[in-house]
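Structure, as structure tokens:
Whatever order the structure lists them in is the order used to number ligands and atoms, beginning at 1.
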Amino acid sequence: MPANPPAATEAAAARLDAGLLAALRAREPLLWTNPQAAQLPAGAGALVAGFDIESARARLQRFSGLMAALFPELRPLGGAVRSELLELTAFPASLSDERGEPSGAWFLKGDHALPVAGSVKARGGFHEVLALAERLAIAHGLLDAEQDRIALQMPAARAFFARHTIAVGSTGNLGLGIGLIAAGLGFQAEVHMSADAKEWKKARLRERGIRVVEHAGDFAAALEGGRHRAAGDPSVHFVDDERSADLFLGYAVAAHELGDQLAALGRTPSALQPLFVYLPCGVGGSPGGIAYGLKALFGEAVHCFFAEPVAAPCMLVQLAARGSEPLSVYDIGLDNRTDADGLAVAQASYLVAPLMRERLAGVFTVTDDALLRDVRRLWLSEQILLEPSAIAAARGPLRLTQTNSGRDYLARHGLGQRLAQATHVLWATGGALVPAAEHQRYQALGARLLGEA
Ligand SMILES: *Cc1c(COP(=O)(O)O)cnc(C)c1O
């Protein structure tokens, strides 16, 4: 973050309703519902030209043999990157001292345990790197379009990839996701990180032979560093977290996976059995891709909400503002300082924000203390360890029933009587690669906040 975040400007502030602006500046946890959300039917009507989920799905399928060969952890699933859907039996009740528990069934989508990368970034990051590897290899005659991608394991392909660098700007997890798959294929990998990125994440990257370049400033500064590095050099490919369609589509594929898991439980979303999905949002790529995929599959039967820290509600600010020019959290006087490092982003993705305008039901904000309490509660109630960013979705179902904006949303959509049949999915986005000592620190902070002895 800049040493002195720019003061809020009058012009920026004037783009938001005064009441909302005051609540955001006061860092009050709130639920904003999106007045521009449209009724989009499931199917082609919900898709945008150029954002083709099926082609991304087919690509991941084509590469599954190679992925299984490169990463033994992926072999049990035949090279697919998938996570479990876990029913939360005790966690909802553990929140009940915060004023009651909503009805319906609660599930956790376990992307915190995605193989290899240990976060949701595996989905977008792997797809982005595989798409690049495929394009490069075909263009240079190392692969036929129809050939099994396993051929990219051969020395000639690896030697070719070794002459290319994949650069990415990251607060940590995207660097791990991209860096590990890039190194696995034989590319050089370089991760541009903000100064406040966690030390252990930098160490873990370096252990795997990935270059770490540190930048003073925030996530946007790290991105700029990576972009600059790639600009003058055709052998460097920059993965642009603020604009990449391949990242976005990799995330979108998760919708089918969730759909299959819900079908197996007899919970296919419908008007009678609505699905609510709550997703932690940083720049917006992962939650945006997943929401895009879910709207395409289930249309009005699915309601997607993003969760952001009170210090960094970048997607909320962008979507709630009048006009579509970029608006950052600094513009309204917030500082983007949060323990939720995966969500510490001041400016929403230029690619994703416009795609969310008609698709997103709303955004809610969460304090860091609430994140730490919920990390602790999830461990005590379900024995699942997440990093603070990854639990941000946990308060979603409560916000829906316990705020005026939430109750209005339910009433407007005729959902008041449907909650008993509702499925709530909290998307858990990271944690499996967090070192034990770091988990212990989060647990101790959460325990103290909960007043444990
Ligand atoms: C990156 C990240 C997110 C948010 O994803 P974006 O694509 O930045 O919106 C959420 N949780 C964790 C743990 C992350 O690393």
Side-chain angles (χ1 to χ4, degrees), residues 83 108-114 117-125 127-128 168-180 191 193-194 197-198 200-201 204-205 218-220 222-223 239-252 254 277-293 304-309 312-316 318-319 336 338-353 355-356 360 363 366 371 374-375 378 384-394 426-434 438-439 442:
S83 72
L108 189 86
K109 183 61 175 146
D111 278 6
H112 64 288
L114 276 177
S119 84
V120 68
K121 300 299 194 307
R123 298 183 181 277
H127 179 256
E128 166 103 19
V168 61
S170 173
T171 56
N173 283 338
L174 185 63
L176 280 171
I178 297 273
L180 295 176
V191 179
M193 300 183 91
S194 49
K198 306 256 188 231
W200 69 264
K201 287 186 178 170
R204 193 147 295 207
L205 287 164
D218 68 353
F219 175 62
L223 276 180
V239 178
D240 192 332
D241 201 15
E242 288 179 325
R243 299 169 209 271
S244 165
D246 279 330
L247 275 177
F248 182 80
L249 290 171
Y251 294 123
V277 182
Y278 310 94
L279 301 136
C281 177
V283 72
S286 72
I290 294 167
Y292 177 82
C304 299
F305 291 88
F306 289 178
E308 299 191 303
C314 65
M315 189 62 77
L316 194 170
Q318 186 66 48
L319 293 182
N336 190 28
T338 168
D339 287 337
D341 58 333
L343 313 182
V345 179
Q347 174 66 61
S349 160
Y350 304 102
L351 175 89
V352 177
L355 292 169
M356 292 301 103
L360 194 62
V363 183
V366 195
L371 295 176
D374 290 350
V375 161
L378 188 70
I384 297 171
L385 284 174
L386 298 186
E387 58 189 270
S389 299
I391 192 73
L426 316 183
W427 214 282
T429 47
L433 291 193
V434 174
E438 197 71 10
H439 275 308
Y442 298 143

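- Within ligand 1, counting atoms from 1 as listed, the ones closer than 4.0 Å to a heavy atom of Cys281 are 9 (O).
- With atom 14 (C) of ligand 1 as the reference point, the heavy atom nearest to it among Lys121, His112, Arg123 is part of Lys121.
- Among all protein heavy atoms, the one lying closest to atom 11 (N) of ligand 1 is Thr429 OG1, 2.7 Å.
- Within ligand 1, the atoms closer than 4.0 Å to a non-hydrogen atom of Asn173 are 13 (C), 14 (C), 15 (O), numbered from 1 in the order shown.
- Taking all atoms of both residues into account, the shortest heavy-atom contact from Ile384 to His112 is CG2-NE2, 3.6 Å.
- Heavy-atom distances between Ser119 and ligand 1 stay at or above 4.0 Å for every pair.
- Interatomic distance, CG of Leu426 versus CG of Asp374, reported as 9.5 Å (0.5 Å rounding).
- For Val283, the heavy-atom gap to ligand 1 drops under 4.0 angstrom.
- Taking a cutoff of 4.0 Å between a charged side-chain nitrogen and a carboxylate oxygen, Glu387 and Lys201 qualify as a salt bridge.
- Listed by atom number, the atoms of ligand 1 under 4.0 Å from Gly285 heavy atoms are 6 (P), 7 (O), 9 (O).
- Every atom of ligand 1 is numbered from 1 in the order shown, and the set under 4.0 Å from a heavy atom of Pro287 is 5 (O), 6 (P), 7 (O), 9 (O).
- Using modelled atom types, no side-chain atom of Glu242 and backbone atom of Val283 make a donor-acceptor pair closer than 3.5 Å.
- The protein heavy atom nearest to atom 7 (O) of ligand 1 is Ser286 N, 2.7 Å.
- Inclusion of Tyr251 in the set of residues having an N or O under 3.5 Å from an N or O of ligand 1 is not warranted.
- Side-chain N or O atoms of Lys109 include one that pairs as donor or acceptor with a backbone N or O of Ser83 at under 3.5 Å.
- Close N/O approach between Pro280 and ligand 1 is not found [any backbone or side-chain N/O within under 3.5 Å].
- Side-chain atoms of Glu128 do not come within 3.5 Å of backbone N or O of Ser244 as any donor-acceptor pair.
- When atom types are taken as modelled, the side chain of His439 and the backbone of Gly431 share a donor-acceptor pair closer than 3.5 angstrom.
- Atom-to-atom distance recorded for Phe248:CZ and Leu351:CG is 6.0 Å, nearest 0.5 angstrom.
- Residue contacts with ligand 1, taken as heavy atom pairs separated by less than 4.0 Å, involve Leu343 solely via side-chain atoms from C-beta onward.
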